[in-house]
K.L.:
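The structure's right below; bear with me while I get my questions together.
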Amino acid sequence: MTLIQSLTRGAITRIMQGEYILNPVVQILNIDRVNPTKPDEEQYRLIISDGEYHCYAMLDIQLNQLHHYGLLSENTIVCLDKYTISMAGKKGFGNNQSIIFRLILNELTALNSGDQVQTKIGEPVTYENADTANSASTAPVLRGPEERKQSNNNYNSNDRTLKTKCNALTIPIASLSPFQKKWFIKARVVGKTRKYPYRGGRYFSMNLKDKSGEIRVTAYKEQCDKFYDLIVADNVYFFSNCHLKLANKQYSLKSDYEMSFTGETMVQLCDDEDNVGVPEIKFDLIPLSQVTNMENNESVDTIGICKEVGELQTVTSRTTNKELKKRELTLVDASNDPIVLVLWNNEAINFDGQVKSVILVKGSRIKEYLGHKNLNVGSGSILKINPDTPEAHKLREWFDNGGGNNISTMVSARTGGGSFSTDWLTLKDAYLRNLGSGEKPDYFQCKAVVYIVKQDNAFYKACPQADCNKKVMDEGNGHYRCERCNAAYPNFKYFLKVDIHIGDCTFNRRAICFGQTGEQLLKHTTQEIVEALENDPARAQKIFSDVKFSSHIFKLRCMNTFYEGTVRNMLYVQSINPLNIKEYNGRLIKELIEMTNGTA
DNA sequence: CCCCCCCC
């Protein structure tokens with residue numbers, strides 16, 4: 001004799017009120033095809049009963065086969081292994097408004113065939129005002145605690161079957177809705193911001209992604225503190241008991257809803273075998289050379305070899321006055337255009353890669369400064385050092401075979417527009433090419449020797465504002481007027497403007513070292529230099545003459561200036577880098593080979 | 001409940 005499974009009485013009411021029930025057992029009262037006249041839209045609609053109520057449910061088209069095999073005939077008893085409920089629309093107005101839900105059966109197991117059962121169990125009635133027209137049923141809008149009562153949850157207990165339970169209750173992100181209260185999602189953290197302060201606390205947010213979609217979730221205050229370090233970008237977790245709300249369309253393009261953590265929120269790490277079916281992060285890698293063609297603030301995925309690792313630096317934010325840590329890496333790839341990648345704060349402090357490491361970044365932000373662009377690893381970016389990917393191995397092989405050897409020697413083939421920090425030119429070529437005659441300044445670098453350093457007017461009285469170095473007018477009454485700020489100050493600061501002459505084997509040019517580059521050239525602080533020039537001529541003489549005939553790699557900004565009716569083409573020193581003879585000779589040899597078509 | 005992604 002066959003055991004007929006009993007139905008899960010009350011299941012339909014609970015499902016329609018947003019509860020996720022594990023494996024409810026229901027009976028199929030009817031199955032028919034939607035749109036029977038359209039051959040390519042084969043979809044089935046069922047009426048299911050829990051013995052108390054019945055309602056419509058749509059069969060996931062993936063399960064059509066079950067019906068073809070005759071497994072879903074009238075009176076069949078099935079277990080709903082997985083179902084989703086979505087909002088199909090609204091009905092009525094104001095207080096009479098109700099939500100139309102659509103119940104979709106995604107996975108089910110037939111327990112007793114229709115033939116075995118033979119009859120309808122119980123006297124089920126239509127659930128509420130079941131919508132008959134369009135394969136949906138309705139439920140009242142959930143209001144107040146009465147309707148939102150929760151059943152016991154024991155996710156936080158040390159349940160050994162927790163994982164199994166998580167998996168069983170997992171629904172796709174795309175089917176999340178505020179009307180379904182009990183669910184798990186299994187998702188990869190694809191972006192995680194830093195902690196941001198806001199009135200009343202701190203928050204961070206991240207995007208969660210599974211194969212069905214993506215949703216943003218934000219953790220505030222206690223939840224921010226509790227989960228921030230626990231959640232690592234790129235890991236896969238089960239999430240449950242988050243609060244869902246309609247997303248602000250202005251900011252959210254990925255999903256209709258977004259979530260926030262609550263006191264009840266549970267996050268459970270998925271181990272590798274659970275990750276199956278959760279897609280890996282996709283990197284849309286672009287060649288580094290392409291960055292220069294992209295817009296400021298655009299976000300890109302890049303991979304490159306770390307050719308240089310800069311020192312940890314401390315800078316002060318102009319806007320917040322806060323101290324920031326930063327570290328610059330120089331990345332190269334086969335596109336032969338080195339680019340600087342800037343790491344900030346913890347990422348800068350804890351960076352444990354080195355020269356030759358492969359650096360993969362998702363979502364680095366392009367920043368433009370003085371005509372050239374670099375990449376910033378910001379919050380929301382994902383940085384990987386020596387990832388185990390085909391691209392990474394290929395890049396490493398290229399580099400190990402000498403791919404990056406002459407990379408700093410590459411002269412960019414681009415013409416027009418601004419030139420780039422990597423362009424090497426002789427002083428004569430820079431002159432012959434009319435660099436700096438366009439609207440925007442041009443940039444180039446060259447090896448040159450310093451042969452005149454002028455002591456006269458090597459500094460001036462400048463606006464005391466940190467972000468303004470404009471020369472001030474001494475008003476003679478103890479006030480100093482800054483034209484740029486349009487303000488008078490009781491004080492000023494000294495600012496360097498060191499006039500130098502530099503030369504390479506082709507040409508001599510005058511160039512100006514402002515501020516920090518002046519300090520760098522003279523190897524003393526502004527204060528020391530001013531002090532010497534004003535009070536200690538011998539010392540000043542030594543500081544200035546020590547620099548004479550030293551060679552450096554100069555990065556120069558070239559632009560036309562208009563002064564008293566005449567145009568002057570000026571060079572401003574952007575940075576001074578030590579001359580590495582070996583590297584520089586390598587560059588010259590490469591250039592010779594190119595000039596002689598490889599016959600040299 | 002945020003939605004600024006940092007520096008010269």
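The chains referred to below are lettered A, B, ... by the order of the sequence lines, with proteins before strands, and numbering in each begins at 1. Heavy-atom basis, side chains included; hydrogens, waters and symmetry copies ignored.
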K.L.:
Using the side chain to side chain contact (heavy atoms under 4.5 Å, CB included) rule, pick out the option among A/I512, A/L521, A/I529 that qualifies with A/L496.
P.N.:
A/I529

K.L.:
Within 45° of the ring axis of A/F283 and under 6.0 Å from its six-membered ring centre, is that where the NZ or CZ of A/K362 lies?
P.N.:
yes

K.L.:
Between which nucleotides of DNA chain B, 5' to 3', does chain A make heavy-atom contacts below 4.0 Å?
P.N.:
B/dC1 to B/dC8

K.L.:
Counting any heavy atom closer than 4.0 Å, what does A/R202 reach on the DNA or RNA strands: base, sugar-phosphate only, or nothing?
P.N.:
nothing

K.L.:
With distance as the sole criterion, is a donor-acceptor pair present between the side chains of A/N207 and A/K192 under 3.5 Å?
P.N.:
no

K.L.:
In chain order, what residues pass the side chain to side chain donor-acceptor pair (under 3.5 Å) check against A/T517, with sequence neighbours excluded?
P.N.:
none

K.L.:
Of A/N345 and A/T218, whose nearest nucleotide on DNA chain B comes first from the 5' end?
P.N.:
A/T218

K.L.:
Does A/R194 reach a base, just sugar-phosphate, or nothing at all? Heavy atoms under 4.0 Å.
P.N.:
base

K.L.:
Would you find a donor on one side and an acceptor on the other, under 3.5 Å apart, between the side chain of A/K548 and the backbone of A/Y451?
P.N.:
no

K.L.:
Base, sugar-phosphate, or nothing: which does A/K245 touch, judged by heavy atoms less than 4.0 Å apart?
P.N.:
base

K.L.:
Using a cut-off of 4.0 Å on non-hydrogen atoms, how would the nucleic acid contact of A/K322 be classed: base, sugar-phosphate, or nothing?
P.N.:
nothing

K.L.:
Once side chain to side chain donor-acceptor pair (under 3.5 Å) is applied, what residue pairs with a partner in residues 342-355 of chain A remain, sequence neighbours excluded?
P.N.:
A/W344-A/N376

K.L.:
What contact category does A/S381 fall into here, base, sugar-phosphate, or nothing, at under 4.0 angstrom with non-hydrogen atoms?
P.N.:
nothing

K.L.:
Would you mind classifying the nucleic acid contact of A/E328 as base, sugar-phosphate or nothing, using non-hydrogen atoms under 4.0 angstrom?
P.N.:
nothing

